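Just below is one structure, and these are the notes that go with it.
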Amino acid sequence: MPEYDKAMRPEDITRLFVERSNAGDADGVAALYEEGAVIAYPPGHQTVGREAIRALWEKVLANRPRFEQEQPLPTLISGDIALTSTPPKDGAGARAQVVRRQPDGTWLRLLDQPEFVPPTH
């Protein structure tokens, strides 16, 4: 995998995600996740592990979606764990990620909930 800019703050991950997604770089998006990370996507399912997340984003990015930066809500940090979130511009309810500080001081996503939507029942 190529050398990518690293998230030095938890909030950097969202910016890097948007940049890499808009460039169609599934490998770069996957590099933002820990090896055993879990993403709640596609809706109603979970994708587990960096390689599965890379494959998922490869499929999603093949359609060339365009992502926009969203204003982050205040980050909650407790030691080496942080909760980041944004109110999405697309009205998807909310987005939230749990990130963890790595031994080198950078941050990676551990849990990713890209959409919180009200239940339909």
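Every value quoted in this text rests on a predicted model; they were computed, and no experiment measured them.
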Does F17 have R109 sitting over its ring (NZ/CZ under 6.0 Å from centre, angle to axis within 45°)?
-> yes

Minimum heavy-atom distance P10-T84, with the two atoms named | CB-CG2, 3.7 Å

For G24 and R64, the nearest pair of non-hydrogen atoms, with its separation, is CA-NH1, 3.4 Å

Any donor-acceptor N/O pair, Q102 side chain to R100 backbone, under 3.5 Å | yes

Please report the interatomic distance [atom1]([X]) to [atom2]([Y]), rounded to the nearest 0.5 Å.
X    : Y    : atom1 : atom2 : result
L110 : I81  : CG    : CD1   : 6.0 Å
R66  : S21  : CZ    : OG    : 10.0 Å
Y33  : L108 : OH    : CG    : 10.5 Å
E3   : K6   : CD    : NZ    : 5.5 Å

Sort out for me which residue in V98, V99, I77 forms a side-chain contact (heavy atoms from CB on, under 4.5 Å) with L83.
->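 Option passing the side-chain contact (heavy atoms from CB on, under 4.5 Å) with L83: V98.
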
Is the shortest side-chain N to carboxylate O distance from [X] to [Y] below 4.0 Å?
X   : Y   : value
R50 : E34 : no
R20 : D25 : no
E19 : R15 : yes

Linked, directly or transitively: [X] and [Y] (ILVMFWY side chains, under 4.5 Å):
X    : Y   : value
I13  : V18 : yes
V29  : L16 : yes
L61  : I53 : yes
L111 : L56 : no
V60  : I39 : yes

Assess whether side-chain contact (heavy atoms from CB on, under 4.5 Å) is satisfied between Q97 and R95, documenting all intermediate values.
-> CA-CA 7 Å; Q97 303 82 34; R95 304 185 202 290; 3.9 Å; yes

